[in-house]
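The next block holds one structure in the form of structure tokens; read it before the comments.
Remember, it's 1-based here, ligands and their atoms both numbered in the order they're listed. Computation of the quantities below employed the complete heavy-atom set of this structure, encompassing side-chain atoms and omitting hydrogens, waters and symmetry-equivalent molecules. Please read these numbers as outputs of a predicted model, since none were measured by experiment.
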Amino acid sequence: MIELAPDVYVLRKCADAPALWKEVERIARFAPFRHMHTPGGQRMSAAMTNCGTYGWISDGKGYRYSEVDPDTGRKWPVMPAAFLELAQRAAAEAGFAAFVPDACLINRYAANTRMGPHQDRDEADLTQPIVSVSIGIPATFEWFGPRRSGASHRALLESGDVVVWGRSARLGFHSVRKIEPANHPLTGATRVNLTLRFAGGGARA
Ligand code: MD6
Ligand code: FE
């Protein structure tokens with residue numbers, strides 16, 4: 001385990017990517033990947049779906065957690081046991097005891113897309129960490145810390161790598177740099193990221 005920045009941990013080859021990928025495929029049959037829109041009306045470049053009690057959504061009304069998939073009117077698929085077990089194990093390695101996520105946002109990135117600097121801040125309980133799992137083609141993850149620009153720490157994340165952050169880093173700014181075209185035996189030309197969170201109904205539910 002490396003500490004990329006204070007309270008930000010990279011756990012290499014921590015996840016069983018093929019097993020998780022099978023679960024993602026199952027989830028996406030029930031709750032298909034879709035491109036949501038930002039509150040300002042911009043189409044997000046990553047395609048998203050969710051599993052767990054709560055799913056993160058974005059539309060003209062804002063960012064929030066919802067128990068219902070707005071595209072289908074159904075509850076999100078149940079969080080697979082393999083997701084829960086991995087999240088708990090990775091969080092424990094990083095010093096967060098008894099992490100029990102109730103939300104998992106699944107993002108699918110195509111080559112040449114990126115995610116700009118942002119905070120993950122829509123959760124009700126900021127004492128709980130974020131566990132982020134990479135599947136498929138590699139991406140460079142960038143950690144800025146308290147400010148959204150300036151000096152950063154970078155890590156190339158490969159399939160099966162996990163990043164955990166919390167405590168002093170919980171509201172740190174981070175980004176995904178533009179993804180280089182590549183192919184991966186599991187996911188083809190794409191990268192999938194799972195972010196496991198304790199949403200607790202959300203910060204402004
Ligand atoms: C990553 N992902 O893909 C980091 N944040 O390595 C994120 O920071 C992220 O995938 C919010 C929502 C979805 C994400
Ligand atoms: Fe994030």
Please check whether Ser134 reaches ligand 1 - meaning an N/O of the residue sits under 3.5 Å from an N/O of the ligand, judged on distance alone.
no
Any idea which protein heavy atom is nearest atom 6 (O) of ligand 1, and the distance to it?
Arg191 NH2, 2.8 Å
Derivation and outcome, side-chain contact (heavy atoms from CB on, under 4.5 Å), residues Val176 and Arg191:
CA-CA 11 Å; Val176 178; Arg191 172 176 188 262; 4.1 Å; yes
Quick one: which of His153, His118, His174 gives a ring pair (Phe, Tyr, Trp, His ring centres under 6.0 Å) with Trp143?
His174
Is Thr195 in polar range of ligand 1, meaning some N or O pair under 3.5 Å apart?
no
Ligand 1 atoms in contact with Leu105 (distance to a heavy atom under 4.0 Å):
12 (C), 13 (C)
Can you tell me the protein heavy atom closest to atom 7 (C) of ligand 1 and the distance?
His118 NE2, 3.9 Å
Name the closest protein heavy atom to atom 11 (C) of ligand 1, giving the residue it belongs to and the distance to 0.1 Å.
Arg197 NH2, 3.2 Å
Can you find a non-hydrogen atom of Tyr109 under 4.0 Å from ligand 1?
yes
Please walk me through it: do Met44 and Asn107 pass side-chain contact (heavy atoms from CB on, under 4.5 Å)?
CA-CA 10 Å; Met44 295 179 144; Asn107 266 225; over 6 Å; no
Should the pair Arg170-Asp7 be classified as a salt bridge under the 4.0 Å nitrogen-to-oxygen rule?
no
Report the C-alpha distance between Phe83 and Glu23 in whole Å, list the side-chain angles of each, state the deciding distance to 0.1 Å, and finish with yes or no for side-chain contact (heavy atoms from CB on, under 4.5 Å).
CA-CA 9 Å; Phe83 286 22; Glu23 300 288 2; 3.7 Å; yes
Ligand 1 atoms in contact with Val176 (distance to a heavy atom under 4.0 Å)
1 (C), 3 (O), 4 (C), 6 (O)
Can you find a pair of side-chain heavy atoms, one from Asp122 and one from Arg64, that are under 4.5 Å apart?
no
Run the numbers for me: atoms of ligand 1, each under 4.0 Å from some heavy atom of Asp120, listed by number.
5 (N), 11 (C)
Identify the closest protein heavy atom to atom 2 (N) of ligand 1: which residue and atom is it, and at what distance?
Asn193 OD1, 3.4 Å
Tell me the contacting part of His174 for ligand 1: side chain, backbone, both, or neither, using a 4.0 Å heavy-atom threshold, strictly below.
side chain
Crowded around Glu180 CD? As in, over 12 foreign heavy atoms under 6.0 Å?
no
Angle subtended at the Fe ion (ligand 2) by NE2 of His118 and OD1 of Asp120, nearest 10°
90°
Applying side-chain contact (heavy atoms from CB on, under 4.5 Å), run through Phe99 and Val164 and close with a yes or a no.
CA-CA 11 Å; Phe99 177 51; Val164 180; over 6 Å; no
